[in-house]
Protein chains: 2
Amino acid sequence: MGRQRPGTPTLEEVAALAGVGRGTVSRVINKAAGVRDSTRRAVQQAIDELGYVPNLAARSLAGHRADAVALVMTEPDWRQFGEPFFTEIVRAVGDALTDTPVQLLLTLVRSDTERQRFVEYARGGRVDGVLLMSVHAQDPLPDMLAKAGLPTVMLGRRSGDESVTYVDADNTGGARDAVTHLLAGGRRTIGALGGPLDMYVAQCRLRGYREALERADVEVRDSLIVAGEDFTEESGRRATAELLARHPDLDAVFAASDTLAAGVLGALREAGRRVPEDVAVIGFDDFHPARPMEPPLTTVRQPLEEIGRTMVRLLLEEMEDSPVAWRHVILRTELVLRDSA
Amino acid sequence: MGRQRPGTPTLEEVAALAGVGRGTVSRVINKAAGVRDSTRRAVQQAIDELGYVPNLAARSLAGHRADAVALVMTEPDWRQFGEPFFTEIVRAVGDALTDTPVQLLLTLVRSDTERQRFVEYARGGRVDGVLLMSVHAQDPLPDMLAKAGLPTVMLGRRSGDESVTYVDADNTGGARDAVTHLLAGGRRTIGALGGPLDMYVAQCRLRGYREALERADVEVRDSLIVAGEDFTEESGRRATAELLARHPDLDAVFAASDTLAAGVLGALREAGRRVPEDVAVIGFDDFHPARPMEPPLTTVRQPLEEIGRTMVRLLLEEMEDSPVAWRHVILRTELVLRDSA
DNA sequence: ATGAAAGCGCTAACAT
DNA sequence: ATGTTAGCGCTTTCAT
């Protein structure tokens with residue numbers, strides 16, 4: 001057992017030292033109005049003298065709030081957490097909370113044990129709200145939290161008619177733009193690398209690919225589409241090799257993530273194809289400044305900063321019970337042209 | 001305000017429904033001994049019927065513990081979090097806690113504001129202990145926590161005489177082994193890439209480099225040593241370019257991290273050097289299965305799994321106030337030979 | 001503007 | 001084995 005050391009000063013001792021009532025001390029530490037300036041100073045001095053720190057458990061119990069929110073990564077494969085997409089989201093969420101008194105707690109949920117433990121933690125009132133990243137279609141966590149009445153915001157959605165509040169990028173539109181760009185460049189044999197199909201985001205990006213082809217009256221061939229197991233570089237490599245075997249005349253590839261795209265580039269070069277001369281490549285861009293796409297290719301940029309900010313805004317609104325205009329927000333992507341393919 | 005919805009059943013209601021006293025219900029949910037099996041079942045049924053979940057704030061307040069520990073990343077540059085070294089540690093720590101009732105909370109401390117907020121969170125009793133990653137020499141956080149009497153375990157140390165409990169790899173020894181191996185291979189003009197010198201780990205690794213040279217009676221030349229700003233690949237690239245400019249006859253490089261080593265490889269190849277024929281490279285290995293060193297080179301492997309496990313063990317011991325044999329643990333590294341350089 | 005007092009829901013010590 | 005009770009330290013009315 002750890003916790004606050006015995007002998008930790010309490011609000012009551014502060015009150016005694018300052019010669020005021022408990023209520024007054026409470027008002028001071030909560031910066032509530034209606035305290036004379038001289039009293040406030042006296043209390044503050046007592047606080048400093050004693051090194052008083054509020055007991056958060058007591059505050060939670062009496063105040064019915066935790067002043068904390070959880071950002072949950074529900075991914076059995078924890079290494080995904082190192083992916084730029086997630087680190088950027090974490091950064092954006094952290095930034096959005098920096099001016100609030102709310103403590104951000106990142107948590108991993110990799111197994112049913114951990115899921116159970118987290119639900120008890122959250123339902124137990126240790127957080128006021130939950131942000132969910134990387135949710136797979138069959139994940140029960142969002143519903144468990146919703147049923148418990150906990151304010152919850154997801155990054156992405158599990159399906160087309162999602163009940164939980166979410167923020168998503170316009171994956172379909174972004175993919176459509178990308179493939180339309182490839183078509184405009186004269187490409188016709190365009191391969192598509194989706195991510196894992198149990199994630200709606202992968203379905204959307206593939207749908208965008210199809211829609212672009214259909215609009216241009218180009219035949220959609222299933223043999224040009226490969227759904228990977230995940231969004232990793234290695235996955236991109238394997239899929240590309242497969243694609244090249246099936247379609248030696250491949251002249252473009254649309255990849256559903258930038259790590260996939262990196263794998264595509266590697267595999268293409270190994271196979272002796274020039275990029276973008278022989279094969280043009282476009283991927284979604286997770287916008288990680290430290291690991292720029294190399295070489296710079298045209299990418300579909302997701303507004304990660306805005307996604308994180310929006311998630312926080314929606315969550316705080318739900319926590320305040322204030323009216324929310326939209327419970328579903330879909331943010332536009334941007335096609336960043338960086339080649340002449 | 002969020003938190004447990006109004007109308008959430010309390011322990012008292014469970015007791016009433018089950019027709020027992022509060023104490024008994026408490027015993028049941030805490031799996032305490034001394035409850036008849038039939039009573040236990042009756043209580044359990046009431047719990048299920050009501051969908052009761054314990055209020056963790058009340059439990060903390062009465063029980064003087066939080067059943068949670070924080071794993072803190074104190075790095076102004078949050079992107080570091082994506083580095084394999086950290087994701088592996090997070091995984092190992094998560095694994096070590098998976099069979100305990102303790103919830104793991106990851107937190108970012110990037111600024112003074114966040115440091116302050118976290119200290120209040122921790123001192124406020126929301127966690128029973130703190131694990132610290134990526135601590136820089138002048139970081140005041142460890143002392144703030146120690147002064148507050150919070151069980152704390154650091155990954156690495158801030159200096160040679162660290163007061164806070166820590167777990168570290170044998171950086172000096174590992175570096176010595178690496179450089180000794182290079183010398184045994186006949187290399188004499190060996191460059192050294194340290195990390196940021198405000199981190200003790202970087203100093204140790206450079207010391208190991210020096211010691212190996214001294215033991216072999218090879219002159220230590222300052223011009224062969226470059227301290228980077230951080231442990232990133234980009235940093236490794238720049239440093240290597242500098243090294244090559246100063247020493248065209250460079251025949252080996254010792255890098256203080258695997259990401260640095262990756263940068264070294266890139267820069268060497270760009271400069272037309274063959275690896276390991278012209279220049280042998282050895283780096284510390286953060287052992288990330290998903291991003292293997294490419295090409296496989298000899299590396300100094302740190303026992304990350306064991307580091308994480310040990311940190312957790314020490315922390316739990318400190319939390320239990322049970323006697324701890326060592327407050328400082330230094331784990332051996334292993335030289336993994338993968339080339340003929 | 002400030003003090004007093006009633007809980008918040010639980011654990012743990014003490015009875016029985 | 002189980003019921004009873006006294007807090008844990010705070011927020012929040014309600015008086016004054």
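It should be emphasised that the depicted structure is a prediction, and the values quoted were computed from it without experimental measurement.
Near DNA chain D, meaning a heavy atom under 4.0 Å from it, residues 16-24 of chain A has A:Arg22, A:Gly23 in order of number. Listed by residue number, B:Arg27, B:Gly34, B:Val35 are the residues of residues 25-35 of chain B with a heavy-atom contact under 4.0 Å to DNA chain D.
Going from atom CD of A:Glu13 over to atom P of D:dC8 covers 11 Å, rounded to whole Å. One atom, CG of A:Leu61, and another, C1' of C:dG9, lie 6 Å apart when rounded to the nearest Å.
By the side-chain hydrogen bond (donor to acceptor under 3.5 Å, both in side chains) test, B:Gln44 pairs with B:Asp48, sequence neighbours left out. Residues meeting the side chain to side chain contact (heavy atoms under 4.5 Å, CB included) test with A:Asp161, sequence neighbours left out: A:Ser159. The ring-ring contact (aromatic ring centres under 6.0 Å, His included) check on A:Phe118 picks up nothing, with sequence neighbours excluded.
For the side-chain hydrogen bond (donor to acceptor under 3.5 Å, both in side chains) criterion with B:Arg158, the lone passing option out of B:Asp139, B:Asp198, B:Asp143 is B:Asp143. Between B:Ser26 and the choices B:Val14, B:Leu11, B:Val43, the side-chain contact (heavy atoms from CB on, under 4.5 Å) rule is met once, by B:Leu11. For the pairing with B:Thr165, the side-chain hydrogen bond (donor to acceptor under 3.5 Å, both in side chains) check across B:Glu318, B:His328, B:Arg157 returns one residue only, B:Glu318.
Axis angle, first five pairs versus last five pairs of the helix from C:dA1-D:dT16 to C:dT16-D:dA1: 30°, rounded to 10°.
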inquiry  = Between A:Leu155 and A:Ile89, does the side chain to side chain contact (heavy atoms under 4.5 Å, CB included) criterion hold? Intermediate values first, please.
reply    = CA-CA 9 Å; A:Leu155 169 45; A:Ile89 291 293; 3.8 Å; yes

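In this structure, the side chains of B:Arg110 and B:Glu75 stay at 4.5 Å or more apart for every pair of heavy atoms. At least one side-chain heavy atom of A:Tyr121 sits under 4.5 Å from a side-chain heavy atom of B:Leu105. Looking only at side-chain heavy atoms (C-beta outward), B:Val90 and B:Met133 come within less than 4.5 Å of each other.
You'll find that the side chain of B:Leu11 is closest to C:dT11, out of C:dT2, D:dC10, C:dT11.
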